[in-house]
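Chain A is the first sequence line, chain B the second, and so forth, proteins listed ahead of strands; every chain is numbered from 1. Source: prediction; values computed, not measured.
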4 protein chains.
Amino acid sequence: MADDKMEKAAMDKMVQETEMEEPGLFEQLVQPCMAELVGTAFFVLMGCLCVIESAQEGHTLQAALVHGLALAVVIGCMVEISGSHFNPSFTIAVFLSGGLELKMVLPYLISQVSGGLLGAVMAKGMTSSEKYAQAQGAAFTVLQADDHIMKALFAEAAMTCLATLAVLLSAVNGKSKNHMFPFLVGCTVMVNVLAGANVSGACLNPVRALGPAVLTNYWTHHWIYWVGPITGGLIAAALVRLFLGDNDTRVVM
Amino acid sequence: MADDKMEKAAMDKMVQETEMEEPGLFEQLVQPCMAELVGTAFFVLMGCLCVIESAQEGHTLQAALVHGLALAVVIGCMVEISGSHFNPSFTIAVFLSGGLELKMVLPYLISQVSGGLLGAVMAKGMTSSEKYAQAQGAAFTVLQADDHIMKALFAEAAMTCLATLAVLLSAVNGKSKNHMFPFLVGCTVMVNVLAGANVSGACLNPVRALGPAVLTNYWTHHWIYWVGPITGGLIAAALVRLFLGDNDTRVVM
Amino acid sequence: MADDKMEKAAMDKMVQETEMEEPGLFEQLVQPCMAELVGTAFFVLMGCLCVIESAQEGHTLQAALVHGLALAVVIGCMVEISGSHFNPSFTIAVFLSGGLELKMVLPYLISQVSGGLLGAVMAKGMTSSEKYAQAQGAAFTVLQADDHIMKALFAEAAMTCLATLAVLLSAVNGKSKNHMFPFLVGCTVMVNVLAGANVSGACLNPVRALGPAVLTNYWTHHWIYWVGPITGGLIAAALVRLFLGDNDTRVVM
Amino acid sequence: MADDKMEKAAMDKMVQETEMEEPGLFEQLVQPCMAELVGTAFFVLMGCLCVIESAQEGHTLQAALVHGLALAVVIGCMVEISGSHFNPSFTIAVFLSGGLELKMVLPYLISQVSGGLLGAVMAKGMTSSEKYAQAQGAAFTVLQADDHIMKALFAEAAMTCLATLAVLLSAVNGKSKNHMFPFLVGCTVMVNVLAGANVSGACLNPVRALGPAVLTNYWTHHWIYWVGPITGGLIAAALVRLFLGDNDTRVVM
Ligand SMILES: [Ca+2]
Ligand SMILES: [Ca+2]
Ligand SMILES: [Ca+2]
Ligand SMILES: [Ca+2]
């Protein structure tokens with residue numbers, strides 16, 4: 001009788017372990033990466049589509065709403081699955097702030113780059129070749145002369161710093177975490193595009209720039225959309241780690 | 001004494017059954033269908049009204065806000081009553097993802113088609129015959145030539161896929177379910193109209209296309225607004241069933 | 001000793017009664033009415049101010065955002081104090097749906113009318129007399145000819161029916177009540193103004209029409225903005241009482 | 001044995017006091033002030049950037065969205081850290097309504113003024129000198145003649161009164177406190193800019209005016225943007241203390 005009970009307990013434990021294993025293999029690696037890929041693809045698709053279709057008119061308001069709301073939507077849908085980054089700057093800053101394991105960083109970056117390329121390809125597949133060419137496939141072409149480069153770099157860093165602060169404070173830092181995360185980050189993107197589109201294009205996300213750059217082979221000042229946003233993410237992570245984070249997040253005091 | 005108790009228990013059970021019967025007959029079938037009909041009617045009414053009244057100017061922004069916010073409002077009001085579909089593509093995808101019983105699918109589709117027709121009739125009743133004719137009753141007339149048909153079909157499928165993912169992830173899938181469902185789906189519609197209105201009309205909903213088509217007998221490329229959205233819904237359901245769903249929703253791993 | 005205890009208990013009861021009396025006198029009547037007055041005044045002020053200041057251009061989008069968001073704001077602030085009606089059509093429909101006591105109806109209506117007048121006076125005090133005259137003080141002047149009156153009346157009733165459904169389902173009916181109430185009603189107003197501003201003005205609220213009408217003595221077709229909205233509210237209350245309400249709210253089944 | 005226990009208790013108390021001290025020094029003073037500075041800096045940066053970049057066109061809608069949504073974002077991120085004021089009018093009104101200790105008022109005001117200056121400097125650093133000069137650095141220049149000063153003062157007071165009511169009712173007053181605080185205040189700013197931008201500039205926040213005024217040495221009618229908003233905050237605090245606050249907040253009844 002006692003043997004039976006022990007046997008049953010051992011079997012229960014094995015079953016439990018088997019059940020626990022599944023999240024390990026699929027739910028902890030494949031599913032989050034799939035979510036990052038799908039979310040980034042749709043974000044880049046909608047952003048590029050909007051820019052390609054309204055290039056003649058150059059409507060900043062439409063671009064701001066599309067990029068901001070599309071991001072809010074994919075963040076809101078995927079937050080419980082991958083944490084909803086869709087942006088290498090966010091992934092690096094979230095890792096540095098203690099919200100992501102090191103082993104997930106590279107898989108996330110690969111998923112985001114793949115998603116950005118997929119989204120750009122889909123946008124090309126939906127639009128006429130004339131409109132696509134006219135808009136340079138939604139690549140960032142606002143920086144033509146050399147005189148505004150430092151201002152643009154500063155703007156990309158500062159605007160991405162605000163967006164990353166929104167991510168870190170509303171989704172990572174325990175004390176300030178809240179359920180408005182998707183719309184806070186989405187609204188930050190809207191604000192940044194509305195205010196900064198003419199300064200630097202208000203990209204904030206390297207893979208949003210990369211997709212169209214690859215497809216149209218447009219690399220003028222492309223590095224700015226990697227250096228600027230990632231610098232902004234680093235500054236945000238530093239602000240949170242040094243001053244704004246809660247007791248568990250702060251490293252000094 | 002024991003007989004009395006048993007009698008009372010039997011009576012209690014009967015009363016209980018009678019009380020349980022009411023949700024069965026009315027709250028489980030008639031009320032959700034009524035909600036689908038009323039919600040779809042108001043969504044189609046506001047969408048058509050906006051297009052008819054601003055046809056001369058062709059304001060994409062107004063159309064995006066009206067369709068997106070009207071959907072958010074009816075979703076937010078009816079979600080506890082019918083689950084707030086108002087769209088055959090959503091109903092089919094929610095059923096395939098395990099969020100609706102088979103016996104409810106046909107009643108929902110009939111309610112949505114009826115609501116779409118009612119909304120289109122109401123829009124006709126509110127507008128002057130000149131404006132109504134000029135806007136072709138808000139039917140989807142963006143596709144005139146034959147050269148963009150495949151691009152439009154692709155766009156309808158991809159955009160409805162995003163909208164259906166928002167429905168399935170924020171309202172059906174247990175792990176990612178959340179209270180922002182109404183605004184996530186509404187914002188997806190806004191984004192789609194802003195980015196894709198010139199590609200395919202950004203319909204996403206067969207009954208939004210059907211109502212005006214019936215009233216103005218306009219059937220050019222009408223099939224696209226059934227095949228595209230329903231295909232998009234099927235792809236979204238497959239993504240959730242295969243990759244993005246939680247352990248209860250996934251069918252393979 | 002026993003006497004002392006009884007005396008103390010009697011005193012406690014008296015103190016308690018005095019404390020209970022306060023909510024009776026102030027918090028149950030004066031405070032909600034004050035909230036209705038203040039909220040309605042700010043809603044009408046911002047709505048009129050926007051129309052007066054942008055009359056030359058006639059921006060529908062600005063009017064939609066101002067009326068919708070201003071209503072969302074005052075609803076969100078006052079909902080725990082007065083239930084946030086600010087509109088006679090809502091008050092009548094909420095009363096008929098079981099969400100307000102009969103004795104509160106007249107005080108609410110008086111507070112709303114007073115608030116509407118105060119808001120209109122404030123808007124006059126802030127604007128130049130030229131702009132004020134040009135915009136007829138933000139009175140509803142869209143209906144000039146007699147041929148669209150029935151369409152306008154139908155539109156006011158249908159649009160207010162949707163707005164009132166949003167109020168009744170998201171704030172009164174137990175089953176569908178939810179925390180998005182302020183933004184659901186605000187978005188309904190936005191949608192209505194964007195889609196229906198050229199049909200009837202998309203007033204929906206008798207006291208929004210009354211304030212400017214009194215100050216500029218403009219009464220052309222004024223009755224439409226009372227009959228239309230109140231009819232819409234009655235239809236919404238009927239839909240909820242007969243079909244959409246939960247078991248406690250429905251009167252038939 | 002008993003000594004040991006007492007010793008341990010004394011040590012525990014000391015450890016506890018040490019742990020309690022940390023929030024006292026850093027989390028209760030430095031961190032909230034840092035949050036006020038960072039939040040105000042980003043709010044003023046985005047507001048100024050938008051005005052400087054779109055000065056030629058003078059888009060009220062863009063200015064409304066940027067100021068309103070930027071405020072919503074920083075409020076949503078910092079509310080658990082500093083209470084999210086970013087505005088001297090709010091700080092004074094929150095203090096008078098019992099939501100802030102007296103010793104925090106001056107540190108908050110200094111942080112806000114510093115943040116406003118920092119934001120204005122950052123905006124200057126991102127924009128071309130031509131655009132910056134043309135927009136007078138985003139200083140409030142709408143008031144040129146002397147005839148509208150009283151109307152502008154009235155408008156600033158009334159509009160800030162509404163915004164401060166949103167702060168006090170949705171974040172300070174116990175009965176009406178709610179989680180929509182960030183978006184309620186943000187939407188109030190949007191509404192105010194859309195409706196009142198041509199009357200007074202719809203500043204509402206003295207430090208938003210101060211930053212650009214210092215950098216461009218523009219002081220025409222500058223006092224209005226201190227007297228108007230602070231008066232509005234005082235009226236809002238009086239309304240809450242006398243009528244709209246709950247039993248703990250009201251001072252009279
Ligand atoms: Ca620490
Ligand atoms: Ca499984
Ligand atoms: Ca019943
Ligand atoms: Ca008291």
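- Other residues, nucleotides and ligands contribute over 12 non-hydrogen atoms within 6.0 Å of the NE2 atom of His222(A).
- Only the side chain of Leu239(A) comes within less than 4.5 Å of a heavy atom of chain D; its backbone N, CA, C and O stay farther away.
- The minimum heavy-atom distance between Lys151(A) and Gly125(D), with the atom names listed, is CG-O, 3.4 Å.
- Contacts of Val30(D) with chain A are absent, with no heavy-atom separation under 4.5 Å from either backbone or side chain.
- No part of Leu65(A) comes within reach of chain D, as not one of its non-hydrogen atoms sits under 4.5 angstrom from that chain.
- When each of Asn178(A), Leu168(A), Leu169(A), Val193(A) is checked for heavy-atom pairs under 4.5 Å with chain D, Leu169(A) comes out on top.
- Contact count against chain D (heavy-atom pairs under 4.5 Å) is highest for Ala195(A) among Gly196(A), Ser200(A), Ala195(A).
- Expressed to the nearest 0.5 Å, how far OG of Ser54(D) lies from CG of Leu61(A) amounts to 11.5 Å.
- Heavy atoms of Phe183(A) lying under 4.5 Å from chain D belong to its backbone as well as its side chain.
- Taking CG of Asn192(A) as the reference point, atom CZ of Phe42(D) lies at 9.0 Å (rounded to 0.5 Å).
- Heavy atoms of Val79(D) lying under 4.5 Å from chain A are absent altogether.
- For chain A, the nearby parts of Ala70(D) are the backbone and the side chain; heavy atoms of each come within less than 4.5 Å.
- At least one side-chain heavy atom of Asn198(A) sits under 4.5 Å from a side-chain heavy atom of Lys131(D).
- Ranked by non-hydrogen atom pairs under 4.5 Å with chain A, the options Met180(D), Glu80(D), Met78(D), His67(D) are led by Glu80(D).
- Here the CE-CG distance, from Met159(A) to Leu49(D), works out to 7.0 Å after rounding to the nearest 0.5 Å.
- Rounded to the nearest 0.5 Å, atoms SG (Cys77(D)) and CZ (Phe181(A)) are 10.0 Å apart.
- Atom CG in Leu242(A) sits 11.5 Å away from atom CD in Gln31(D) (nearest 0.5 Å).
- Among Ile81(D), Val73(D), Leu69(D), the residue with the largest count of heavy-atom pairs under 4.5 Å with chain A is Val73(D).
- With values rounded to the nearest 0.5 angstrom, Asn247(A) atom CG is found 10.0 Å from Phe26(D) atom CZ.
- Contact of Pro182(D) with chain A is made through the side chain alone, with heavy-atom distances under 4.5 Å.
- Within the 4.5 Å cutoff, the side chain of Glu27(D) has heavy atoms near those of the Lys175(A) side chain.
- The shortest non-hydrogen separation linking Leu45(D) to Ala158(A) is CD2-CB, 4.4 Å.
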